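Report on the following structure.
Predicted model, so just to flag it, every value in this text is computed and none were measured. Here, residue 1 is the first one in the sequence, and each next residue gets the next number.
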Amino acid sequence: MKLTLEEEKKLEELLQSSFDFARNNDIESLKILLDSGLNVNLSNHKGNTLLMLAAYNNSIECAKLLLERGAEVDKRNDKNQTPLAGVCFKGYYDMAKLLIECGADVDSDNGMGLTPLNCAIIFRRKEIVTLLLKHSKKKMSFMQKMGLKLLGK
């Protein structure tokens with residue numbers, strides 16, 4: 001089946017809307033698209049998935065829906081960032097907890113040494129630091145230990 005130019009344009013607009021639905025916690029609209037066959041791991045031109053955008057914007061209901069539908073919790077964007085690392089930067093504790101409960105790798109590294117724990121320390125997210133430490137399987141680096149001291153932990 002070949003789409004007309006107009007149909008292709010409308011499809012592109014619909015796909016773009018799905019990212020807005022994820023960002024804005026519009027669970028009903030996103031659910032309609034997923035029920036109609038939208039790929040739960042759809043990513044935009046920067047490699048950001050629907051889950052990444054939902055997490056980064058603290059759209060918790062959309063994130064839950066996407067995870068229930070099989071979204072890859074650790075799918076990386078073009079900058080090699082995971083949804084959890086972005087959440088640690090932003091400071092969304094409940095979202096971090098959800099991602100971890102759904103299997104997010106708390107010890108993942110972006111290839112340059114930046115982990116979710118490092119993000120949480122750098123941006124002084126004390127609650128998230130505590131959460132990550134409960135789930136980490138790695139020994140802390142010297143710099144992480146120093147960061148924790150500066151946070152008063």
Side-chain angles (χ1 to χ4, degrees), residues 1-138 144 147:
M1 177 175 142
K2 186 170 168 76
L3 298 177
T4 66
L5 197 53
E6 184 178 328
E7 289 170 329
E8 281 184 28
K9 185 178 177 185
K10 287 186 183 208
L11 180 59
E12 191 174 314
E13 288 172 5
L14 185 61
L15 293 175
Q16 187 58 43
S17 292
S18 70
F19 296 114
D20 292 334
F21 299 153
R23 278 186 199 96
N24 298 315
N25 209 31
D26 185 347
I27 190 170
E28 294 304 319
S29 298
L30 187 58
K31 187 177 185 309
I32 290 168
L33 292 180
L34 291 169
D35 289 345
S36 299
L38 181 71
N39 181 343
V40 72
N41 288 305
L42 181 69
S43 59
N44 66 14
H45 64 286
K46 294 181 180 180
N48 292 319
T49 62
L50 295 165
L51 179 60
M52 174 75 82
L53 295 172
Y56 198 73
N57 289 280
N58 206 28
S59 297
I60 197 105
E61 288 82 12
C62 281
K64 285 179 185 176
L65 173 67
L66 292 162
L67 290 162
E68 288 167 2
R69 298 288 183 101
E72 294 177 45
V73 72
D74 285 324
K75 182 115 170 118
R76 295 169 181 269
N77 65 14
D78 293 350
K79 292 182 180 179
N80 210 25
Q81 299 164 326
T82 64
L84 182 58
V87 167
C88 292
F89 158 72
K90 296 286 273 194
Y92 300 137
Y93 178 85
D94 290 335
M95 184 66 76
K97 186 175 178 206
L98 172 67
L99 294 171
I100 291 168
E101 288 170 354
C102 291
D105 182 359
V106 301
D107 297 316
S108 65
D109 181 318
N110 72 348
M112 296 186 299
L114 191 61
T115 65
L117 180 58
N118 293 348
C119 287
I121 291 170
I122 291 167
F123 293 99
R124 307 183 64 77
R125 309 298 186 192
K126 290 181 183 183
E127 278 188 292
I128 293 177
V129 167
T130 302
L131 177 68
L132 293 169
L133 289 174
K134 286 180 186 173
H135 293 89
S136 178
K137 293 173 178 65
K138 282 181 124 179
Q144 288 172 326

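- Ring-plane geometry between Phe123 and Phe89 is classed as perpendicular, the angle between the planes exceeding 60 degrees on a 0 to 90 degree scale with a lower cut at 30.
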Given the rule in the side-chain contact (heavy atoms from CB on, under 4.5 Å) test, do Tyr56 and Val87 qualify, once you have shown the distances and angles that lead to the verdict?
CA-CA 6 Å; Tyr56 198 73; Val87 167; over 6 Å; no
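- Using a 4.5 Å heavy-atom threshold, the side chains of Leu98 and Asp94 count as separate.
- Checking side-chain atoms of Arg125 against main-chain N and O of Cys119 turns up no donor-acceptor pair under 3.5 Å.
- Nearest heavy-atom pair across Cys62 and Leu30 is SG-CD2, 3.9 Å.
- Going from atom NZ of Lys75 over to atom CG of Leu50 covers 11.5 Å, rounded to the nearest 0.5 Å.
- Not counting sequence neighbours, Tyr92 has no partner by the ring pair (Phe, Tyr, Trp, His ring centres under 6.0 Å) test.
- To the nearest 0.5 Å, atom CD of residue Glu101 and atom CG of residue Leu131 are 8.5 Å apart.
- Using a 3.5 Å distance cut-off with no hydrogens or angles, the side chains of Thr82 and Asp74 do not pair a donor with an acceptor.
- A heavy-atom distance below 4.5 Å is found between the side chains of Leu99 and Leu51.
- Side-chain contact of Glu61 with Asn25: a donor-acceptor pair under 3.5 Å is present, judged by distance alone.
- Surrounding CG of Leu5 are at most 12 heavy atoms belonging to other residues, nucleotides or ligands under 6.0 Å away.
- Rounding to the nearest 0.5 Å places CD of Glu28 at 9.0 Å from CG of Leu65.
- Nearest heavy atom pair, residue Ile128 against residue Cys88, reads CG2-SG, 3.6 Å.
- For Glu6, the CD atom sits in a loose shell: 12 or fewer heavy atoms of surrounding residues, nucleotides or ligands are nearer than 6.0 Å.
- By the 4.5 Å heavy-atom criterion applied to side chains, Arg69 and Asp35 are counted as neighbours.
- Taking 4.5 Å as the limit, every side-chain heavy atom of Asp109 sits out of range of all side-chain heavy atoms of Leu114.
- His135 and Val106 get closest at one heavy-atom pair: O-CG2, 3.5 Å.
- Residue Arg23 holds its CZ atom at 10.5 Å from OG of Ser17, rounded to the nearest 0.5 Å.
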Show me the donor-acceptor pairs within less than 3.5 Å that the side chains of residues 39-48 make with the rest of the protein, sequence neighbours left out.
residue, atom, partner, partner atom, Å
Asn39, OD1, Asn41, N, 2.7
Asn41, OD1, Glu72, N, 2.8
Asn44, OD1, Lys46, N, 2.9
Asn44, OD1, Gly47, N, 3.2
Asn44, OD1, Asn48, N, 3.0
Asn48, OD1, Asn77, ND2, 2.9

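- Under the 4.5 Å side-chain criterion, counting only non-hydrogen atoms from C-beta, Asn57 is not in contact with Asn24.
- Rounding to the nearest 0.5 Å gives a distance of 10.0 Å between OG of Ser36 and NZ of Lys31.
- At distances below 3.5 Å, at least one donor-acceptor pair connects side-chain atoms of Asn80 with backbone N or O atoms of Asn110.
- In this structure, the side chains of Leu132 and Leu84 come closer than 4.5 Å at one or more pairs of heavy atoms.
- No side-chain heavy atom of Leu15 sits under 4.5 Å from any side-chain heavy atom of Leu33.
- Between Ser136 and Asp107, the closest heavy-atom pair is OG-OD1, 2.6 Å.
- For the residue pair Ser108 and Asp105, no side-chain donor N or O sits within less than 3.5 Å of a side-chain acceptor on the partner.
- Side-chain contact between Thr49 and Leu66 is absent, with no heavy-atom pair separated by less than 4.5 Å.
- Of all non-hydrogen atoms in Pro83 and Ala55, the two that sit nearest each other are CB-CB, 4.1 Å.
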